[in-house]
Amino acid sequence: MNEVVEKVLVSQEEIINRCVELGAQITEDYKKAGEVPYVVGLLKGSVPFLAEIIKHIDLDIQIDFMDVSSYEGTKSVGDIRIDKDLDCSVQGMSILLVEDIVDTGRTLKEVERTLLNKGAKDVKVVSLLDKPDRRVVDIEAEYVGFKIPNEFVIGYGLDYNQKYRNLPYIGVLKREIYE
């Protein structure tokens with residue numbers, strides 16, 4: 001375990017096992033609907049989770065990425081800036097948005113709204129983690145790996161100052177590191 005980690009919240013084995021379950025459910029749901037999702041990962045945090053979950057989705061998917069930043073100040077809370085947009089039009093497509101964590105929900109809500117405004121047929125969300133105690137907007141992921149308490153987590157794509165994304169588990173960051 002890394003010296004900045006207070007405790008492991010979700011092990012690598014638990015993540016992989018949950019990705020198998022989520023992949024099977026996603027496959028079943030989209031097959032029932034007669035759809036193939038256009039899988040969109042939100043950079044950078046979703047990359048490890050996306051890489052694992054797509055191995056367990058038994059459909060001929062395409063993947064793409066968006067890099068978005070939310071900002072405050074003179075703009076309303078929840079506005080996003082798109083730093084990297086999708087490579088193709090989403091007109092009429094079913095989007096499966098891959099996220100590392102649903103926290104306040106602001107950015108996710110705006111990305112969903114943006115994709116629907118661009119003509120997506122629908123947007124569903126699969127998130128490795130859900131932190132419902134921090135939610136400030138009404139949004140829920142259709143597929144959730146793990147609900148977690150309101151703790152500062154790192155690993156498996158989640159970072160602190162762009163570090164620790166490569167930890168193979170979800171860990172709680174020691175308070176003295178960020179306070």
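Keep in mind the model is a prediction, meaning the values are calculated, not measured. Hydrogens, waters and symmetry mates play no part in the numbers below; they use all other heavy atoms, side chains included.
- Using a 4.5 Å heavy-atom cutoff, the side chains of Val4 and Ile154 are in contact.
- Clustering ILVMFWY residues whenever any of their side-chain heavy atoms sit less than 4.5 angstrom apart, transitively, puts Ile101 in a cluster other than the one holding Ile139.
- Annotation: side chain of Ile170 is in contact with side chain of Leu128 (closest heavy-atom distance under 4.5 Å).
- Rounded to the nearest 0.5 Å, atoms CD (Glu21) and CD1 (Ile16) are 12.5 Å apart.
- Counting only residues at least two apart or in different chains, ring-ring contact (aromatic ring centres under 6.0 Å, His included) contacts with residues 11-67 are absent.
- Look at Lys7 and Glu151 and you find a salt bridge, because one of the NZ, NE, NH1 or NH2 atoms lies within 4.0 Å of a carboxylate O, short of that distance.
- For the pair Tyr143/Leu96, a side-chain contact is recorded, criterion being any heavy-atom separation below 4.5 Å from C-beta on.
- Applying the salt bridge (Lys or Arg N to Asp or Glu O under 4.0 Å) test to residues at least two apart or on different chains, the pairs with a partner in residues 59-70 are Asp64-Lys84.
- Tracing side-chain contacts under 4.5 Å through hydrophobic residues (I, L, V, M, F, W, Y), one never reaches Val68 starting from Leu129; they form parts of separate clusters.
- Taking Lys44 as the reference, nothing meets the salt bridge (Lys or Arg N to Asp or Glu O under 4.0 Å) condition, with sequence neighbours excluded.
- Scored by the salt bridge (Lys or Arg N to Asp or Glu O under 4.0 Å) test, Arg134 finds Asp103 as partners (sequence neighbours excluded).
- Following chains of ILVMFWY side-chain contacts shorter than 4.5 Å, one can reach Leu86 starting from Leu42, so the two form part of one hydrophobic cluster.
- Leu167 and Leu43 fall into different hydrophobic clusters, defined by Ile, Leu, Val, Met, Phe, Trp and Tyr side-chain heavy atoms under 4.5 Å apart, directly or through other members.
- The stretch residues 156-179 participates, sequence neighbours left out, in these ring-ring contact (aromatic ring centres under 6.0 Å, His included) pairs: Phe152-Tyr160, Phe152-Tyr178.
- Counting only heavy atoms from C-beta outward, the side chains of Asp85 and Lys118 approach each other to under 4.5 Å.
- Residues Leu173 and Ile15 are members of separate hydrophobic clusters, defined by side-chain heavy-atom contacts under 4.5 angstrom among Ile, Leu, Val, Met, Phe, Trp and Tyr.
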Check against salt bridge (Lys or Arg N to Asp or Glu O under 4.0 Å), Glu28 and Lys31: CA-CA 5 Å; Glu28 181 182 329; Lys31 280 185 177 177; over 6 Å; no
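- Here the CD atom belonging to Glu110 is positioned 14.5 Å from the CZ atom belonging to Arg81, to the nearest 0.5 angstrom.
- No salt bridge links Glu6 with Arg175; every basic N to acidic carboxylate O contact stays at or beyond 4.0 Å.
- Interatomic distance, CG of Leu115 versus CE of Met93, reported as 11.0 Å (0.5 Å rounding).
- Heavy atoms of other residues, nucleotides or ligands lying less than 6.0 angstrom from CD of Glu13 number 12 at most.
- Separating the CD1 atom in Ile61 from the OG atom in Ser94 is a distance of 13.5 Å, to the nearest 0.5 Å.
- For Lys147, the salt bridge (Lys or Arg N to Asp or Glu O under 4.0 Å) test picks out no residue, with sequence neighbours left out.
- Val126 is not listed as a side-chain neighbour of Glu99, based on a closest heavy-atom distance of 4.5 Å or more.
- Using modelled atom types and a 3.5 Å distance limit, the side chains of Thr27 and Asp58 yield no donor-acceptor pair.
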